[in-house]
Amino acid sequence: MNIVVCIKQVPDSAATVVAEGGQASWGDAPLVMNPWDEYAVETALLQQEAHGGDVTIISVGAEGATEAIKSALAMGCSQAYLVSDPELAAADSRVIAHVLAAAIKKVGDVDLALFGKQAIDSDMGVTAPQTARILGWPVLSLVSVVQELNPEDGTIKVERSIEEGRQVVESQLPAVVTVSKDIADPRYPSFMGIRKAARADIPVWTLADLEADIPAPLVRWPEVVNPPVREITNEIISGDSPDEIAETLADKIIGEKVL
Amino acid sequence: MGNQILVYIDQYKGQVMPVSWEVLGAAQSLAEKLGGGIVVLVAGEAPQAVAEQAFHYGATEVYCSDSPSLADYRPEPFTDFVVKVAQEQGAEVVLFPTTTRGRELAAMSAVDLGAGVMPDVTALEVEDGRLIATRPVYAGKLLAKTYCETGPQIITLRARAYKAPEVDSSRTGTPIQVDAGVVESDVSTRVLGYTQAKGGVSLADAGVIVSGGRGVSNNPSLTPPEGMDEKEVEVWRAQQGFKLVGELASVLGGAVGASRAAVDADYVPYENQVGQTGKLVSPDLYIACGISGAIQHQAGMRSSKVIVAINKDPDAPIFKLARFGVVGDLYDILPPLTEAFRQRLG
């Protein structure tokens with residue numbers, strides 16, 4: 001069972017992000033593995049423990065953007081590749097999906113490609129299904145439970161969390177799976193894992209290394225702006241008893257005409 | 001032809017995700033600016049009844065397919081169907097609702113159509129015949145202005161960004177049946193069934209959300225059943241608190257949300273989580289009970305129209321966002337508040 005996990009490096013979710021000169025800026029906030037991707041890494045490691053094989057990390061990013069990769073290696077992944085190329089500076093999701101599809105092919109003999117739900121910076125949530133479509137693999141998105149994974153038959157059975165509840169789906173492998181946060185709690189890296197990750201050799205692949213036709217980007221984002229500042233008048237409701245406070249609050253809320 | 005706006009209606013066994021009609025509303029205002037017509041697409045089980053609703057909402061041309069491959073939702077055959085109609089119609093804009101299905105169908109259709117995709121858009125403007133989309137990024141901490149260099153332009157629209165058109169049941173029509181172009185033997189997934197069907201109002205569509213946080217478990221005066229360990233007592237206490245949260249939500253016709261802390265402590269399922277790693281919501285009214293308001297939670301709810309905070313800690317950051325705040329115990333405030341609304345809203 002060979003599993004690839006595609007991860008992205010993003011600013012920490014606690015970062016104060018502001019627009020400066022039309023660009024996003026997060027000051028000196030740390031760069032980390034996209035939190036959603038940690039669940040994909042954990043899922044991969046659990047399946048590897050059950051079925052053997054390798055867990056390979058692929059990340060696309062700037063040269064030296066290896067913090068996220070090191071976290072994944074410290075959790076116990078076997079190996080990692082960083083795809084980095086100046087040509088990808090203006091990449092859109094479809095370009096990234098073509099790059100990931102090509103990298104997955106280059107890794108070779110992959111049964112399962114795992115992704116987080118979306119990246120917390122761009123909030124697109126389209127890269128995994130796009131990668132699946134390019135590979136011609138089925139996509140099983142927002143998986144909360146892997147019920148069965150059968151490497152011999154080349155099948156997987158999962159529960160997907162959708163708006164109406166859980167959909168139970170069986171699919172042939174290879175497949176692309178995106179995981180929901182409730183699939184498993186990500187493990188903490190071990191001390192040995194952290195030491196190993198710090199010394200790990202992380203090969204960098206350029207677009208030329210991928211030997212694939214990567215299309216030109218079509219989506220442009222000329223400007224990132226701060227959301228309009230909202231003037232909120234704070235009003236603390238007080239009273240002599242909870243009943244009085246509740247009555248006043250109910251009247252005030254109804255007065256806002258949002259009900 | 002060649003200047004069409006395609007609108008995808010997301011439905012599940014005849015139940016339409018309400019944001020779908022908002023997307024039709026957005027398409028109608030775009031069609032006025034861009035010219036060209038609107039083609040509505042309905043896939044899935046029993047499309048006829050949904051098509052009928054689409055006519056009531058003002059659709060004039062509805063395409064559907066009763067292909068057995070589309071009876072249950074699977075992204076691959078559904079994408080085939082969308083792409084086939086988009087190509088035949090020469091669609092310049094393809095609009096989906098931001099739902100689980102809508103987002104992945106948009107993503108995959110964009111691959112087949114060689115197009116750009118802009119998901120989860122909250123506003124659209126037309127400049128020189130091109131759409132400029134606004135999308136929240138970094139969980140709404142920033143807004144990105146974005147556009148596609150060439151068509152077709154594939155977009156998903158967030159719930160509550162546009163108004164649904166008025167319903168007029170005198171408007172009817174006949175949907176056009178098309179071959180979905182799906183070969184079942186090419187599809188490598190099979191739906192085995194559904195579990196845990198959920199009822200109630202979904203967070204994304206909710207006009208009112210009442211949320212609970214870690215503070216919901218903080219009521220020492222409750223006496224838990226005997227034989228529970230410490231963690232079980234904590235969860236039990238929290239569940240009593242979430243009952244109060246749920247009762248208020250129910251009187252207001254709203255949905256129940258939760259902070260990450262409440263979900264991580266196993267008080268409520270992950271489906272209820274509001275915030276950067278949960279659901280991003282913008283209801284008309286958001287009532288935060290026992291939620292301190294970590295930056296990640298704020299990111300998920302700060303665009304709510306009116307925010308109300310109930311918290312024991314007067315220094316809780318949530319109060320800075322709140323139009324109305326109550327410094328107090330949610331166990332004291334929620335029951336009379338629910339009763340007050342019950343009296344006023346009947």
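Here the structure is a predicted model, which is why all the values come from computation and not from measurement. Note on naming: letters A, B, ... go to the chains in the order of the sequence lines (proteins, then strands), and numbering restarts at 1 for each one.
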Worksheet item: Side-chain contact, heavy-atom cut-off 4.5 Å: V326(B) with I236(A)?
Response: no
Worksheet, complete the sentence: Smallest heavy-atom separation, V139(A) atom then E76(B) atom, equals N-OE2, 2.8 Å
Fill in: Per-residue contact mode, L345(B) against chain A (heavy atom under 4.5 angstrom)
side chain
Worksheet item: If you count heavy-atom pairs under 4.5 Å with chain A, which of M17(B), Q15(B), M118(B) comes out on top?
Response: M17(B)
Discussion item. Taking the side chain as everything from C-beta on, heavy atoms only, tell me whether I253(A) gets closer than 4.5 Å to V306(B).
Written reply: no
Discussion item. Closer than 3.5 angstrom, by distance alone: can the side chain of R323(B) be matched with the main-chain N or O of E256(A) as a donor-acceptor pair?
Written reply: no
Discussion item. Looking only at heavy atoms and a cut-off of under 4.5 Å, which of V117(B), I310(B), V327(B) has the most pairs with chain A?
Written reply: V117(B)
Worksheet item: Which of the residues V219(A), V126(A), D123(A) is involved in the greatest number of heavy-atom pairs with chain B at under 4.5 angstrom?
Response: D123(A)
Worksheet item: Is there side-chain contact between L105(B) and P129(A), with at least one heavy-atom pair below 4.5 Å?
Response: no
Discussion item. Heavy-atom count check: over 12 atoms from other residues, nucleotides or ligands less than 6.0 Å from D185(A) CG?
Written reply: no
Fill in: Distance (rounded to the nearest 0.5 Å) between Y194(B) OH and Q167(A) CD
4.0 Å
Worksheet item: Hey, are the side chains of T277(B) and S13(A) touching, using non-hydrogen atoms and a 4.5 Å cut-off?
Response: no
Practice prompt. Check whether Q273(B) gets within reach of chain A through its side chain, its backbone, both or neither, counting any heavy atom under 4.5 Å.
Written response: side chain
Worksheet item: Considering only heavy atoms, which portion of D186(B) lies under 4.5 Å from any heavy atom of chain A: side chain, backbone, both, or neither?
Response: neither
Discussion item. So for P217(A), is it side chain, backbone, both, or neither that comes closer than 4.5 Å to the heavy atoms of chain B?
Written reply: backbone
Fill in: Leading residue by heavy atom contact count with chain B [cutoff under 4.5 Å; candidates T178(A), V95(A), I120(A), T155(A)]
I120(A)
Fill in: CA sep, side-chain torsions, deciding dist, call: Y138(B), W26(A), side chain to side chain contact (heavy atoms under 4.5 Å, CB included)
CA-CA 10 Å; Y138(B) 296 90; W26(A) 47 86; 3.2 Å; yes
Worksheet, complete the sentence: Of the listed G116(B), G140(B), G325(B), the one with the largest count of heavy-atom pairs under 4.5 Å with chain A is G325(B)
Fill in: Verdict with supporting geometry, I333(B) and I245(A), side chain to side chain contact (heavy atoms under 4.5 Å, CB included)
CA-CA 7 Å; I333(B) 303 295; I245(A) 293 171; 4.0 Å; yes
Worksheet item: Got a sec: does the CD of Q343(B) have more than 12 other heavy atoms crowding it under 6.0 Å?
Response: yes
Worksheet item: Does atom NZ of K312(B) have more than 12 heavy-atom neighbours from other groups under 6.0 Å away?
Response: yes
Item to complete: Determine the minimum heavy-atom distance between L142(B) and A19(A), stating which atoms define it.
Response: CD2-N, 3.3 Å
Item to complete: Report yes if some heavy atom in the side chain of F319(B) is under 4.5 Å from a heavy atom in the side chain of N234(A); otherwise report no.
Response: no
Discussion item. Quick check for you: among T248(A), T16(A), I237(A), which has the greatest number of heavy-atom pairs under 4.5 Å with chain B?
Written reply: I237(A)
Discussion item. Classify the ring geometry of Y270(B) against W36(A): parallel below 30°, tilted from 30° to 60°, perpendicular beyond 60°.
Written reply: perpendicular
Discussion item. So for Q153(B), is it side chain, backbone, both, or neither that comes closer than 4.5 Å to the heavy atoms of chain A?
Written reply: neither
Practice prompt. Would you indicate whether D153(A), at its atom CG, is surrounded by more than 12 heavy atoms from other residues, nucleotides or ligands within a distance under 6.0 Å?
Written response: yes
Item to complete: For chain B, find which of K157(A), Q172(A), R220(A), Q130(A) contributes the most heavy-atom pairs closer than 4.5 angstrom.
Response: R220(A)
Fill in: Heavy-atom pair count under 4.5 Å with chain A, highest-scoring of A133(B), A299(B), C148(B)
C148(B)
Fill in: Interface moiety of L192(B) toward chain A, non-hydrogen atoms closer than 4.5 Å
both
Item to complete: Counting only heavy atoms closer than 4.5 Å, note whether S304(B) contacts chain A via side chain, backbone, both or neither.
Response: backbone
Practice prompt. Take E271(B) and D182(A) through the side chain to side chain contact (heavy atoms under 4.5 Å, CB included) test and state the conclusion after the steps.
Written response: CA-CA 9 Å; E271(B) 282 84 15; D182(A) 49 6; 3.8 Å; yes
Worksheet entry | Side-chain touch V308(B)/L249(A), heavy atoms, less than 4.5 angstrom | yes
Worksheet entry | Basic-acidic side-chain contact under 4.0 Å: K145(B), E223(A) | no
Worksheet item: Which bit of R260(B) is near chain A, if near means a heavy-atom gap under 4.5 Å: side chain, backbone, both or neither?
Response: side chain
Practice prompt. Mark yes or no for whether R344(B), through its side chain, and I254(A), through its backbone, hold a donor-acceptor pair below 3.5 Å.
Written response: no
Response to the item:
Of D332(B), D72(B), V137(B), the largest count of non-hydrogen pairs under 4.5 angstrom with chain A goes to V137(B)
Discussion item. Is it the case that the side chain of R230(A) and the backbone of R302(B) share a donor-acceptor pair, with hydrogens and angles ignored and the cut-off at 3.5 Å?
Written reply: yes
Worksheet item: Would you call E104(B) and R160(A) a salt bridge, taking side-chain N to carboxylate O under 4.0 Å as the test?
Response: yes
Practice prompt. I would like to know whether V169(A) and R190(B) meet side chain to side chain contact (heavy atoms under 4.5 Å, CB included); could you show each step before the answer?
Written response: CA-CA 6 Å; V169(A) 195; R190(B) 211 154 52 91; 5.9 Å; no
Practice prompt. Start with the C-alpha distance between T100(B) and E163(A), add both sets of side-chain angles, then the distance that settles side-chain hydrogen bond (donor to acceptor under 3.5 Å, both in side chains), and finish with yes or no.
Written response: CA-CA 7 Å; T100(B) 301; E163(A) 283 87 345; 3.0 Å; yes
Item to complete: Look at P138(A), S93(A), A15(A) and state which one has the largest set of heavy-atom pairs under 4.5 Å with chain B.
Response: P138(A)
Item to complete: Give the member of A309(B), S109(B), G114(B) that has the highest number of heavy-atom pairs under 4.5 Å with chain A.
Response: G114(B)
Item to complete: May I ask you to test the E164(A)-K13(B) pair for a side-chain heavy-atom distance under 4.5 Å?
Response: no
Practice prompt. Mind checking the OG-CZ spacing from S141(A) to R101(B)? Nearest 0.5 Å is all I need.
Written response: 10.0 Å
Discussion item. Counting heavy-atom pairs under 4.5 Å with chain B, which one of L259(A), D92(A), N226(A) comes out on top?
Written reply: L259(A)
Worksheet item: Could you state the interatomic distance from CG (D251(A)) to CZ (F341(B)), rounded to the nearest 0.5 Å?
Response: 8.5 Å
Practice prompt. Against chain B, label P35(A) side chain, backbone, both or neither, depending on which of its atoms sit under 4.5 Å from a heavy atom there.
Written response: side chain
Worksheet item: Tell me, do R103(B) and Q118(A) make a side-chain contact under 4.5 Å, heavy atoms counted?
Response: yes
